[in-house]
Amino acid sequence: MTINATIEEIWAKSLSIIAQKVGENSFELWFKPMKLIQFKDKNATIEIPNRFYREWVDDNYPQILSETIESLLGYKISAKFKISEKEDASIKRIENKHESRRKELGKRGIYLNPKYIFENYVVGTSNQFAHAAAKRVAENPGGSYNPLFIYGGVGLGKTHLINAIGNAIVDRLTTTSICYISAEQFTNEVISAMRHDRMADFKSKYRNIDVLLIDDIQFIAGKTATQEEFFHTFNALYEKQKQIVISSDRAPIEISDITDRLRSRFSMGLIADIQSPDIETKMAILYRKAMAEKMNISEDVAHFIASKIKSNIRELEGCLIKLGAHASLTATPIDLNLAKTVLKDLLSEDDKPTTVDLIQKIVCEYFGIKVQDIKAKKRTKEIANARQIAMFLAKQYTEHSLSEIGRFFGGKDHATVIYACKQVEERKAKEESFRRTIENLNKRIAP
């Protein structure tokens, strides 16, 4: 797209790209009401109906607007929101404080989320061990639990915890050098350094910091050069007693396509898992979020949402934000009837039968792979593992015959399903972490 394109043309094309990325439902609800109202000096101003829209986009797609416009124009831009309705003064003060801290940390090359702190992390039986370990590390970086490896399913609070560690250390040890980075970004930096012959700069950057916080380490599976660089980075920091904190969507033993020596490094310190929250914890999270957003929700509304969302805290908070957005736009009080109406497309119905399709969706979301992958003929260790587990759970939760289950997985025969179920049963008996994975998936399917 040329630099002379109009604002309308840029925005129309951006929305078209975003719609493909986020899906029809999310696009219609959250992105379609937005408007690009100004573009000047590489600064894009986007008008949104109320603060809930910004909250949702910040939590779910923090970079999508700027990255999409940048992809069209070919240069870096800055995107900011302008809210149509009048903002609550106290919320605006908090947001301004967060933005000031973000900019202050950014000047030091620290890209933590200032919203993620220990004080607003809701602790329950499902996450209390990981929370306690994270606090200990924040109090004594490099001295307790090094490395700390936190794992759990999508949307259970891993990113919140490792950001909270970083924010606590920054507050207490102001001169400490901290790097928070996703494994995907780490991989991209490895590729860029290799391409531009800047490996020396890359190594200097990552091997001379005090604290490394790396999110979603499972992303480096199958990436040989990235694994090699991370292995040496890990060793350099560990030998100098610098703190390493790693998050993943699965335990080290379950991450396929990584080297044994790297898997061994992940297991050298403390491994802490975050499980699906119980209904009391989910309600506490809703109350905490509602209080922060100046929303009033009754116990029956909180219980209704908590009982319908199976495990994902991000989805739980997303429901509350959608409810707040609707109530704000229509000036309607939040009650149980409104919750049932507004959230009907997001919440599961208890009386719906458990289907093979649902099981496949839950398993693939847990392992971060595509549903079509377990239906295809791909035989990588990661996909084969997810496929066997999904077959086992389909046999457990549905009335389908073995042959019928096989047909849901790209036409596999009944013998393949029998073998898969046998493999899962044997691993459950031998491997504690694998047994816990099955338990977590059971909770998601039938909480």
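Values below: every heavy atom of this structure, side chains too, minus hydrogens, waters and symmetry copies. Everything quoted here is computed from the prediction, not taken from an experiment.
In this structure, the side chain of E293 does not engage the main chain of L320 through any donor-acceptor pair within 3.5 Å. Put simply, the side chain of K322 never gets that close to the backbone of F52: no donor and acceptor are under 3.5 Å apart. Looking at Q227, its side chain does come within 3.5 Å of a backbone N or O of D257 through a donor-acceptor pair. Formation of a donor-acceptor pair under 3.5 Å by the Q218 side chain with backbone atoms of D249 is found in this model. Listed for the D41 side chain is no donor-acceptor partner under 3.5 Å among the backbone atoms of N43. A donor-acceptor pair is defined here as one N or O able to donate and one able to accept, closer than 3.5 Å; such a pair exists between the side chain of T398 and the backbone of A394. Of the possible donor and acceptor atoms, none in the side chain of D273 sits under 3.5 Å from a partner among the backbone N and O of A251. Proximity of a side-chain donor or acceptor of W11 to a complementary backbone N or O of I46 within less than 3.5 Å is not detected. Judged by distance alone, the side chain of Q128 and the main-chain N or O of V123 form no donor-acceptor pair under 3.5 Å. A donor-acceptor contact shorter than 3.5 Å is absent between the side chain of S328 and the backbone of G324.
Nearest heavy-atom pair, R288 versus N120, reported as atom, atom and distance to 0.1 Å: NH1-CA, 2.8 Å. Of all the heavy atoms in D357 and K375, the pair that sits closest is OD1-NZ, 4.4 Å. Shortest non-hydrogen contact noted between I77 and L73 is CG2-CD1, 4.4 Å. Taking all atoms of both residues into account, the shortest heavy-atom contact from I279 to A306 is CG1-CB, 3.8 Å. Pairing each heavy atom of L212 with each of I181, the nearest pair is CD1-CG2, 4.3 Å. Considering every non-hydrogen atom in both P333 and L338, the closest pair reads O-CD2, 3.5 Å.
Proximity of I244 to N146: side-chain heavy atoms (C-beta onward) are separated by under 4.5 Å at one or more points. No side-chain heavy atom of L336 sits less than 4.5 Å from a side-chain heavy atom of S298. Put simply, the side chain of Y397 does not reach to within 4.5 Å of the side chain of T355, judged on heavy atoms. Under the 4.5 Å side-chain criterion, counting only non-hydrogen atoms from C-beta, K42 is not in contact with K76. I10 is listed as a side-chain neighbour of S14, based on a closest heavy-atom distance under 4.5 Å. Side chains of I305 and L323 form a contact here, defined as non-hydrogen atoms less than 4.5 Å apart. Using a 4.5 Å cut-off on side-chain heavy atoms (C-beta onward), P277 and V122 make no contact. For the pair L213/L112, a side-chain contact is recorded, criterion being any heavy-atom separation below 4.5 Å from C-beta on.
Using a cut-off of 4.0 Å between Lys/Arg side-chain N and Asp/Glu carboxylate O, E104 and R101 are scored as not salt-bridged. Residues E55 and K289 are paired through a salt bridge, judged by an N-O separation under 4.0 Å between the basic side chain and the carboxylate. Using a cutoff of 4.0 Å between basic side-chain nitrogens and carboxylate oxygens, R250 and E382 are scored as salt-bridged. Ion pairing between E229 and R207 holds under the 4.0 Å rule for side-chain N and carboxylate O.
Summarising the local packing, NZ of K82 is surrounded by 12 or fewer heavy atoms from other residues, nucleotides or ligands at distances under 6.0 Å. Counting heavy-atom neighbours within 6.0 Å of M194 CE, excluding the residue itself, gives a total of 12 or less. Residue-environment remark: NZ (K240) exceeds the threshold of 12 foreign heavy atoms within 6.0 Å. Under a cut-off of 6.0 angstrom, the local environment of CZ in R172 is crowded, with over 12 non-hydrogen atoms contributed by other residues, nucleotides or ligands. In the displayed structure, I253 atom CD1 is contacted under 6.0 Å by at most 12 heavy atoms of other residues, nucleotides or ligands. Crowding of D197 atom CG: a count of heavy atoms from other residues, nucleotides or ligands under 6.0 Å not exceeding 12.
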Test log, rule side-chain contact (heavy atoms from CB on, under 4.5 Å), inputs V137 and V245: CA-CA 9 Å; V137 165; V245 182; 4.1 Å; yes
Criterion side-chain contact (heavy atoms from CB on, under 4.5 Å) on L156 and N127, from CA distance to verdict: CA-CA 9 Å; L156 294 184; N127 60 15; over 6 Å; no
Intermediate values then yes/no, side-chain contact (heavy atoms from CB on, under 4.5 Å), Q360 and F409: CA-CA 9 Å; Q360 289 175 332; F409 292 83; 3.5 Å; yes
S248/I217 under side-chain contact (heavy atoms from CB on, under 4.5 Å): CA gap, chis, key distance, verdict: CA-CA 5 Å; S248 174; I217 197 65; 3.7 Å; yes
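Distance CD1/I83 to CZ/R54: 3.5 Å, rounded to 0.5 Å. One finds the CG atom of N442 at 10.0 Å from the CD1 atom of I362 (value rounded to the nearest 0.5 Å). In this structure, the separation between OG1 on T68 and CD on Q63 is 10.5 Å, given to the nearest 0.5 Å. Distance check, rounded to the nearest 0.5 Å: OG1 of T187 to CZ of F230 gives 10.0 Å. Between the CG atom of N440 and the OH atom of Y366 there is a distance of 4.5 Å, given to the nearest 0.5 Å. Note that CD of E67 and CD1 of I17 are 12.0 Å apart. Values are rounded to the nearest 0.5 Å.
Note: F27 and F31 have parallel aromatic rings, judged against thresholds of 30 and 60 degrees for the angle between ring planes. The aromatic rings of H131 and Y121 sit parallel, their planes meeting at an angle under 30°, below the 60° perpendicular limit. Ring orientation note: the planes of F149 and Y151 are tilted relative to one another, at an angle of 30° to 60°.
If you run ring-ring contact (aromatic ring centres under 6.0 Å, His included) between F186 and each of F219, F202, F234, only F202 comes through. Exactly one residue among T159, D215, N167 makes a side chain to side chain donor-acceptor pair (under 3.5 Å) with Y180. That residue is D215.
Between the side chains of T281 and D278, at least one donor N or O sits under 3.5 Å from an acceptor N or O.
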